[in-house]
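The structure appears right after this line, and notes come after that.
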Amino acid sequence: MPDTADAYIAAEDRYDGRPDGWFRRCGRSGLMLPAVSLGCWHNFGDPGTDSLRSPDEASMHANCRAMLFKAFDLGVTHFDLANNYGPPPGSAEERVGRILRDDLAAYRDELIISSKAGYLMWPGPYGDWGSRKYLVASCDQSLRRLKLDYVDIFYSHRPDPNTPLEETMGALDAIVRQGKALYTGISNYRPGQTAEALRVCEINGFVKPIIHQPKYSMLDRWIEQGLTSVLHASGMGSIVFSPLAGGQLTDKYLDSVPADSRAANEHSPFLEEAWLVQSRERARRLQAVAHERGQSLTQLALAWVLRDQPAGGAVTTALIGASRPSQIEQCAACMDAGPLDAETIDKIEAILA
């Protein structure tokens with residue numbers, strides 16, 4: 001446990017002063033999520049694996065505590081994880097679990113904690129994909145690492161081409177009925193797979209997923225080709241990941257690749273110099289639009305994914321990653337300038353075209 005002098009006390013005004021519409025209903029469920037949610041994929045694992053290259057456990061943990069505290073103080077009540085987040089796999093849940101136990105236990109009922117399973121976690125045939133064996137075992141492991149009795153949302157992280165949807169959706173149903181999760185979700189499911197998953201739940205009497213986690217940004221708009229319509233028609237909400245396109249929609253890469261960035265430390269075709277050069281001119285033009293609104297490019301990109309859409313505004317919350325508290329503070333201000341007006345949206349569409 002931390003020293004009493006170091007004990008965290010949440011900001012009294014964490015819900016006051018938030019812009020209108022900060023908490024948004026997740027589809028037709030009773031769950032309300034903040035416009036911005038904090039993802040704990042990168043920067044919450046072992047020392048030295050984060051963007052800041054923290055030299056030791058003490059500095060690493062101090063920065064992670066500071067990020068979670070800053071988020072909660074700003075009304076960011078949703079922390080998103082998965083079994084394999086780190087690196088190494090499981091380490092992000094262990095770290096967040098330690099902070100939940102030591103520092104945030106008094107605020108558990110104000111927090112939404114989510115986890116997922118679907119990618120490789122342990123060797124053998126039962127440590128991957130979407131079998132009942134894997135999903136139930138993985139949920140149990142996640143609860144132990146997070147030091148929680150339940151998570152608020154548990155996802156099937158990706159569709160399994162070799163396991164019947166009845167088994168995958170049935171496993172999520174069982175997890176809720178066993179009290180290990182309050183809601184279920186799906187991630188990376190295409191429109192047809194999403195519709196079929198909902199149909200399977202309907203005909204079998206399973207608890208239906210209330211949220212979808214797809215990739216979506218100004219530079220990757222695939223969900224507009226069918227998925228948003230499925231979500232709206234079914235009453236599902238969504239939490240979109242990579243809304244900043246891996247940093248392309250920030251000022252980080254407008255001139256060069258900084259040494260402490262993901263692009264400098266990870267192999268990703270979307271963060272390689274050649275790709276960044278192609279997207280850089282669009283990013284600069286978008287930045288000019290943002291400055292007209294008194295925003296940063298980051299804030300404009302988040303406001304854009306959260307905009308009202310013709311299909312009914314199926315995006316509930318934008319999932320961000322961060323390496324320092326100041327980044328969370330900037331992202332949480334994305335709605336302060338008000339909703340995007342039609343003229344601004346038209347300017348953005350012209351640039352993206």
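- Atom CG of D20 is surrounded by 12 or fewer heavy atoms from other residues, nucleotides or ligands within 6.0 Å.
- Using a 4.5 Å heavy-atom threshold, the side chains of L227 and H212 count as touching.
- Under a 3.5 Å cut-off, the side chain of R24 and the backbone N or O of V315 do form a donor-acceptor pair.
- A donor and an acceptor atom, one from each side chain of S156 and Y189, are located under 3.5 Å apart.
- Interatomic distance, NE2 of H157 versus CG of D128, reported as 11.5 Å (0.5 Å rounding).
- Proximity of I211 to I153: side-chain heavy atoms (C-beta onward) are separated by under 4.5 Å at one or more points.
- Put simply, CZ on R199 and CG on N204 are 8.5 Å apart, with the number rounded to the nearest 0.5 Å.
- A donor-acceptor contact shorter than 3.5 Å is absent between the side chain of Y155 and the backbone of Q213.
- For E343, the side chain to side chain contact (heavy atoms under 4.5 Å, CB included) partners at least two apart in sequence or on another chain are D341, K347.
- Checked by atom type and distance alone, the side chain of Q299 pairs as donor or acceptor with a backbone atom of Q330 at under 3.5 Å.
- The backbone N or O of D103 sits nowhere less than 3.5 Å from a side-chain atom of R98 that would complete a donor-acceptor pair.
- Between the E167 side chain and the R132 main chain, a donor and an acceptor come within less than 3.5 Å of each other.
- Of all non-hydrogen atoms in P47 and R95, the two that sit nearest each other are CD-NH2, 4.0 Å.
- Taking the side chain as every heavy atom from C-beta outward, Y107 and I9 approach each other to under 4.5 Å.
- Using a 3.5 Å distance cut-off with no hydrogens or angles, the side chains of T317 and S37 do pair a donor with an acceptor.
- Minimum interatomic distance between Y183 and G30 (heavy atoms only, all atoms of both residues): OH-C, 4.4 Å.
- Side-chain atoms of Y15 do not come within 3.5 Å of backbone N or O of G75 as any donor-acceptor pair.
- Contact of the T194 side chain with the M236 side chain is registered, since non-hydrogen atoms from C-beta on lie closer than 4.5 Å.
- Looking only at side-chain heavy atoms (C-beta outward), R108 and D152 come within less than 4.5 Å of each other.
- Pairs passing the ring pair (Phe, Tyr, Trp, His ring centres under 6.0 Å) check and including a residue from residues 75-98, sequence neighbours excluded, read W41-Y85.
- Under the 3.5 Å distance criterion, with hydrogens and angles disregarded, no donor-acceptor pair is assigned to the side chains of N83 and S142.
- A195 and V230 get closest at one heavy-atom pair: N-CG1, 4.2 Å.
- For D173, the side chain to side chain contact (heavy atoms under 4.5 Å, CB included) test picks out R177, F206, V207, with sequence neighbours left out.
- What you find for R293 and T344 is that their closest heavy atoms are CD-CG2, 3.8 Å.
- Under 3.5 Å, the side chains of D46 and T49 contain no donor-acceptor pair of N or O atoms.
- Counting non-hydrogen atoms of neighbouring residues, nucleotides and ligands closer than 6.0 angstrom, the OH atom of Y126 reaches no more than 12 such neighbours.
- Here the shortest heavy-atom pairing between L302 and C334 reads CB-CB, 3.8 Å.
- Enclosure of atom CD1 in I203 by more than 12 non-hydrogen atoms of other residues, nucleotides or ligands within 6.0 angstrom is indicated.
- Shown here for A322 and I328, the closest heavy-atom pair between the two residues is CB-CG1, 3.6 Å.
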